[in-house]
Amino acid sequence: MIQPLPARETRERPWREPLAVAAGLRHRDGALALLSDGGPLGRRSFVAADPDWTGGEGGLDLLRDPALSRGVVGLYAYDAGARPATGPRPEIWPDLMLARYPAMLVFDHRRRTVAVTGRGGDAAAARRACDRAEAWLSAAADISAPPPPARAMQPEAPAESYLAAVADVVARIAAGELFQANIARAWTGELHPGADPFDVLLRLSRRAAAYGAFWRLGDRALVSNSPELFLTFDPASRRIETRPIKGTRPRDPDPVRDAALAAELSASAKDRAENLMIVDLMRNDLSRIAEPGTVAAGRLFEIESHPTVHHLVSTVTGTGRLQTGVADLLAAAFPPGSITGAPKHQAMKVIAAHEPPRGPWCGSLFHVGDDGALTASVLIRTAAFERSEGRWRFRTLAGAGIVADSDPASELAETEVKLLALRQALTGP
């Protein structure tokens, strides 16, 4: 039976690049890197390995166990949350993967320091865990970008299938069945012999996002370059925040043209309407576990610029009810509204009519801190890897929100824009 880890020791050490430290641990059991870009939304990065417990069978109720309430990282697959709407579907990844890390490094990008943390059943065990984590700092490795680890990636279905799916969703919207649905395309491929999913993370490092991540458990690995926050929760103030993304334009190397594209997105009535639908959906989701009257959309339609795209982002906040915990938050709001649609239940049924199971993509990767605080990303810009007979195969997806006036060709082009950074990381320019 898993035991609580009540004792904790923390030491502050000089700054080291978190990606370099993660590179030194890349082949360790349970290698983990939650790598932020150091910007306003990503002040801290986390690196760890050697979890003392892994599991997931039993679902979100595991997160109500006090022994699992601190130091846990989890991956909640999209299909687990969609299944109440879609009914039984093949499980291509576990619904829930959890791992607890007694030793962890926390990198503060603003202060340029590293907190070395160890937790254990008593002070001596916590000190030993802290010693293990501190040793990782001296094992940092080279982080130069390797050559492309894959030769090609193949679409699972022809572009014509996606165009037909978009047209069908537009027709369903016109018939009053729903207002919006996020429809995705999938690509698959295989890494070269000797190549590793961590190579993809290294190649993405110059395009770091606020919620970048690498996680490997056994023969499964995940690489994410997500810019999207699903949920944060501060148990002290009970403040909940979500930041749905809806609305995209490509970046342009010409600064004038690039600024024009951002201005076009900001002024787009279509994109604002699409964004507002999801804001309303997320307000409804948060109201299930928030104190009455506390849910609000404080900031609407802000432009966020990333290396390959501009996004339209809004912020919704609320105050959690007394006794609200991580499991309650995920149960109330998962899957994220920005990658389902509105109404959410019907949108997920429509998605299932056009897509095979998504697996980790558009699920959530989350971390529960030592204080019980939750940070959960939306797993867009994400590739899932599985190893068989020594070779890593990958699958990735990109989607677009379909609304009443969506043009199928434009939505198809948007999926290519969203995939660009990950495609180049996998196969080169």
Test side-chain hydrogen bond (donor to acceptor under 3.5 Å, both in side chains) on R8 and T10 and set out the steps. CA-CA 7 Å; R8 183 172 184 267; T10 301; 3.2 Å; yes
Basic-acidic side-chain contact under 4.0 Å: [X], [Y]:
X    : Y    : result
D258 : R251 : yes
D79  : R358 : no
R288 : D328 : no
R423 : E416 : yes
R11  : E9   : yes
R185 : E355 : no
R100 : D52  : yes

Any heavy-atom pair between the side chains of [Y] and [X] that's under 4.5 Å?
X    : Y    : answer
I183 : I351 : yes
Y162 : T415 : yes
F214 : L32  : no
L63  : L98  : yes
I92  : P356 : no
R220 : P94  : yes
R13  : T113 : no
R111 : R43  : yes

Worksheet entry | Of all pairs that satisfy salt bridge (Lys or Arg N to Asp or Glu O under 4.0 Å), the ones with a partner from residues 173-183, not counting sequence neighbours |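 Those involving residues 173-183 are R172-E177.
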The complete set of salt bridge (Lys or Arg N to Asp or Glu O under 4.0 Å) pairs with one or both residues in residues 304-325, sequence neighbours excluded, reads R243-E304
For [X] and [Y], work out which heavy atoms get closest and say how close.
X    : Y    : answer
G401 : N182 : N-ND2, 3.8 Å
I380 : W361 : CA-NE1, 3.9 Å
A140 : R16  : CB-NH2, 3.4 Å
K344 : A333 : NZ-O, 3.0 Å
L19  : S205 : CD2-CB, 3.4 Å
W187 : A398 : CZ3-N, 3.7 Å

[atom1]-[atom2] distance between [X] and [Y], expressed to the nearest 0.5 angstrom:
X    : Y    : atom1 : atom2 : answer
T317 : L286 : OG1   : CG    : 8.5 Å
L60  : L330 : CG    : CG    : 5.5 Å
D280 : M282 : CG    : CE    : 11.5 Å
L35  : Y211 : CG    : OH    : 14.0 Å
E414 : D407 : CD    : CG    : 11.5 Å
F334 : C362 : CZ    : SG    : 9.0 Å

*Should D108 and R44 be marked as a salt bridge (Lys or Arg N to Asp or Glu O under 4.0 Å) after you check the CA-CA gap, both sets of side-chain angles, and the distance that decides it?*
CA-CA 5 Å; D108 189 319; R44 292 178 176 85; 3.8 Å; yes
Query raised in the report: Given the rule in the side-chain contact (heavy atoms from CB on, under 4.5 Å) test, do R216 and F198 qualify, once you have shown the distances and angles that lead to the verdict?
Result: CA-CA 9 Å; R216 182 176 61 78; F198 198 87; over 6 Å; no
- Can you sort out the partners of Y78 under ring-ring contact (aromatic ring centres under 6.0 Å, His included), two or more places apart, ordered by chain and number?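 Scan of Y78 (ring-ring contact (aromatic ring centres under 6.0 Å, His included), adjacent residues dropped) gives none.
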Main-chain N/O of [Y] paired with [X] side-chain donor or acceptor, under 3.5 Å:
X    : Y    : value
D199 : D196 : yes
S364 : Y76  : no
H311 : I303 : no
S266 : E264 : no
S224 : A213 : no
S45  : S36  : yes
T340 : P336 : yes
R203 : Q424 : yes
N225 : R381 : no
S268 : L265 : no

Side chains of [Y] and [X]: any donor to acceptor distance under 3.5 Å?
X    : Y    : result
T117 : R119 : no
H109 : D37  : no
H367 : T375 : no

- V200/F385 under side-chain contact (heavy atoms from CB on, under 4.5 Å): CA gap, chis, key distance, verdict: CA-CA 11 Å; V200 181; F385 298 81; 3.9 Å; yes
The residue among K246, E228, Q180 that forms side chain to side chain donor-acceptor pair (under 3.5 Å) with S338 is E228
Show, in sequence, the C-alpha distance, side-chain angles and deciding distance for R395 and E386, and conclude whether the side-chain contact (heavy atoms from CB on, under 4.5 Å) test is met. CA-CA 9 Å; R395 184 174 191 255; E386 292 187 81; over 6 Å; no
- Does the side-chain hydrogen bond (donor to acceptor under 3.5 Å, both in side chains) test come out yes or no for T232 and E241, once each step is laid out? CA-CA 5 Å; T232 60; E241 180 174 310; 4.9 Å; no
| Heavy atoms of other groups near F394 CZ, more than 12 under 6.0 Å |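 More than 12 heavy atoms, drawn from other residues, nucleotides or ligands, come within 6.0 Å of this atom.
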### Message
Does I339 form a side-chain contact (heavy atoms from CB on, under 4.5 Å) with L379? I'd like the steps, not just the answer.
### Response
CA-CA 10 Å; I339 49 74; L379 286 174; over 6 Å; no
